[in-house]
Amino acid sequence: MSAAEESETVFYGNWRQPSRAGLGKLSAAATFVLFAALVATLIANMVGGLVPAFVTAVVSGAVLFSLIRKDGHGLTRLHRIGEKVMFRRARRRGLTVYRSGPAGVVPTGTCQLPGVLSATRVSEFVDSWGRPFAVIAHPAVSTYAVVLAVQPDGDALVDQYQIDVQVARWGHWLAALSGEPGLVGASVVVETIPDSGTRLRQEIHSHIDARAPELAKRVMDEIQAVYPVGSAAVSCYITLTFTAATVYRLGGARRSLEEFGPEVATRIPGLTGALSGTGAGTVRPVGAEEIARIVRVAYDPAAQALFDEAALAGQTARVEWAEAGPAGADALRDRYVHDSGVSMTWMMTGAPTGQVQSNLLTRLLEPNQRVARKRVALLYRPIDVARAADIVDRDVNDASARLGNMRRPTERAKVAYAQAVRTSREEAQGAGLENFGMVVTATGTSSSELADIKATVEALAASVRIRIRPAYGAQDAAFAVGLPVGVVPMLHSRVSERVREAL
C-alpha cells in the first residue's frame, strides 16, 4: 500500500432514523388524524350544523398541532405532556421513592435492586475455557444477559491505518450479532471513576525490598501518596442480551436459567475470540461476584473505598446480588438520588449529522476533571437478517412516497431518500442493520454539583456533535439502562416501536 493510500482519511456515517410515509411533512399518525378530523368535521356539520362542526375542527386542530410541532430533540407536545403525566402519576402512587434493607419495604429485608432490576437474579456458570461467567436473568421480559470485561488498547502511538482496520473489524463484529441465535440487544459501557490508588499501592508493596535504602523507600512512599491524586480509572464492559424463547428450535419453548447457562457457555469463547483485532484488548467474562460489586458501587459510590481497602489488605469483600441495590433512592424528574450519590442521565436524541471520523467520541469517553464519575453506554439492537431486507425496502418506499407528496421537494427530503437508497444497497451487499442509541450518566456527591456536571456533560456532547436531553421523569430507569446488566429499553416499554415511529 502506498503512503498516499495510508494517509487517506476514512469517514463514517449514513445512519438515519427510518421515516413513515405521510402527507407532506406530516408523520403517519398526524396524517391519519388529519383525515379523521376532516371526516368528523363533515359529519358534525351534516348532523348538528356549523357550531358542532366548528367545535370538532378546533379540538381536532389542537390534537393535530400536538403531533406536528416538534422541538429540537424531535419530540412533539404530546410526548412532553405524556412524560409529565406519567411521572406525576408515579409520584402520587409512591413509586418514585425506594427504601430497602431491614427497615425498608423489601419483604426479605435485603438491599434489593429497585425498578426494572427488582426481579433480576444472577447465576454463575463456567465456559468451555474454564472461565466463570455470570448470567443475569430478567424474568419480566424473559431475557438473559452475559457481561464481558474488556481492556481497550487505545489509539496512542497507533497508526491511523491500524485504527481504521480495528474500526472495520468492530463493524464486522456488530454485523455478525444479527446472525447470533436469540440475541436481542448489546451494549458497550465505558465508565470513568476516580482512581483511589489501590492498584499502585499494591504494586509497590508487592515489589519493595526491605533492604532498600531509606531514600528509595521515602520516594516510593511519596509516589503512592501523590500519584493517584486527580487520576481516573477507566473500565469498559460489553453486555450481550439473549431472549429466553428458543425461536430457532422446534416447539419454541422458553429456556430456564439452568438450561441457558450451559448452552451459552459453549458460545462465549467464540464471541470473545471474535473481538480480537477490534481494539478491545483482553476480553474475559465477568463473574457473579464482580458484576454485583460493579452494580453496588454504581448505586453507592462511597462503597468503592471499602472494596479498595479490602483489596489492599488482601481480602475479598463479597457482595451478593440481593445486596447490590441501594438502601434508599428517590427518583426526581431531572435527577436520581441514591445512597451516597446523585446522578443525572441523558439520552441521545440525535446522532451526528454528515460524515465523521473514528475519534469522534474521544472527548465524551475520556476522563474529565469536572465530572468525576461518568458512564457512557452505547446501545445496539441487531435486526435479524430475515427482517433487514423488508425494513430497508419499506424505508425506501416511505421516503419515496414522502418525496412524491411534496409539491416542491426540500433538499432534506431528497437527502433522506438518497440515504435510504444507499442503506438498501449496502444491506443487499451483505452489511448488517441495527438500531443504536446512547445513554450518558454522570454522578456527583450532592445536588449542588449537578449544575456544573450538567453544563459539562452537555458541552462534551455538543463538542462531539451529539444531541442529548435529560431523561425527564425516568431517571431511575435510565440509570439502570446505563449499567452493564443487559436492560433493553424497548422490551420494557408499553408503547410499541411501530407506534413510536408513527408519531
Requested in this report: Go through the steps to decide whether R296 and D339 satisfy the test side chain to side chain contact (heavy atoms under 4.5 Å, CB included), and finish with yes or no.
Outcome: CA-CA 10 Å; R296 175 60 184 162; D339 279 2; 3.4 Å; yes

Report task. Apply side chain to side chain contact (heavy atoms under 4.5 Å, CB included) to the pair V184 and L491, showing each step before the final yes or no. Result -> CA-CA 9 Å; V184 294; L491 299 181; 4.3 Å; yes

Output the distance between atom [atom1] ([X]) and atom [atom2] ([Y]), rounded to the nearest 0.5 Å.
X: I466; Y: R363; atom1: CD1; atom2: CZ; result: 12.5 Å
X: T282; Y: L275; atom1: OG1; atom2: CG; result: 11.5 Å
X: N368; Y: L460; atom1: CG; atom2: CG; result: 5.0 Å
X: Y12; Y: Q355; atom1: OH; atom2: CD; result: 11.0 Å
X: S123; Y: F260; atom1: OG; atom2: CZ; result: 11.5 Å
X: L117; Y: Q112; atom1: CG; atom2: CD; result: 10.0 Å

Taking [Y]'s backbone N and O only, do any of them form a donor-acceptor pair with [X]'s side chain (distance below 3.5 Å, no angle check)?
X: T349; Y: R467; value: yes
X: W15; Y: P352; value: yes
X: K374; Y: L364; value: yes
X: Y144; Y: A244; value: no
X: T441; Y: G482; value: no
X: R255; Y: T243; value: yes
X: R267; Y: P181; value: yes

Query - Plane angle bin for Y380 and F436 - parallel if under 30°, tilted between 30 and 60°, otherwise perpendicular - result: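 Correct class here is tilted.
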
Quick one: are [X] and [Y] in side-chain contact, heavy atoms under 4.5 Å?
X: L148; Y: P285; result: yes
X: W129; Y: I268; result: no
X: I163; Y: V10; result: no
X: W346; Y: E458; result: yes
X: T443; Y: P301; result: yes
X: L361; Y: M438; result: yes
X: V147; Y: E290; result: no
X: E434; Y: S178; result: no

Requested in this report: Dump the intermediate steps for side chain to side chain contact (heavy atoms under 4.5 Å, CB included) on T192 and V371, then the final yes or no.
Outcome: CA-CA 9 Å; T192 58; V371 185; over 6 Å; no

Do you know the tightest heavy-atom contact between [X] and [Y]?
X: V295; Y: V485; answer: CG2-CG1, 3.7 Å
X: E180; Y: F242; answer: CG-CE2, 4.1 Å
X: Q304; Y: V297; answer: OE1-CG1, 3.2 Å
X: V150; Y: Y237; answer: CG2-N, 4.5 Å
X: L183; Y: P382; answer: CD2-CG, 4.1 Å
X: V189; Y: L483; answer: CG2-C, 4.3 Å

Report task. Establish, yes or no, whether a centroid distance under 6.0 Å links the rings of F479 and Y299. Result -> yes

Requested in this report: State which residue, out of V488, V487, T241, fulfils the side-chain contact (heavy atoms from CB on, under 4.5 Å) condition with T143.
Outcome: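 Running side-chain contact (heavy atoms from CB on, under 4.5 Å) over V488, V487, T241 with T143 returns exactly one hit, T241.
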
Other residues, nucleotides and ligands only: do more than 12 of their heavy atoms fall within 6.0 Å of [atom1] on [X]?
X: R465; atom1: CZ; value: yes
X: R91; atom1: CZ; value: no
X: E426; atom1: CD; value: yes

Requested in this report: Evaluate the side chain to side chain contact (heavy atoms under 4.5 Å, CB included) criterion for residues F125 and V264: first the C-alpha distance (whole Å), next the side-chain angles of each, then the deciding distance (0.1 Å), finally the verdict.
Outcome: CA-CA 9 Å; F125 302 89; V264 78; over 6 Å; no

Can you list, pair by pair, the side-chain donor-acceptor contacts under 3.5 Å of residues 322-336, counting residues two or more places apart and other chains?
unit_1	atom_1	unit_2	atom_2	d
E323	OE1	C111	N	3.3

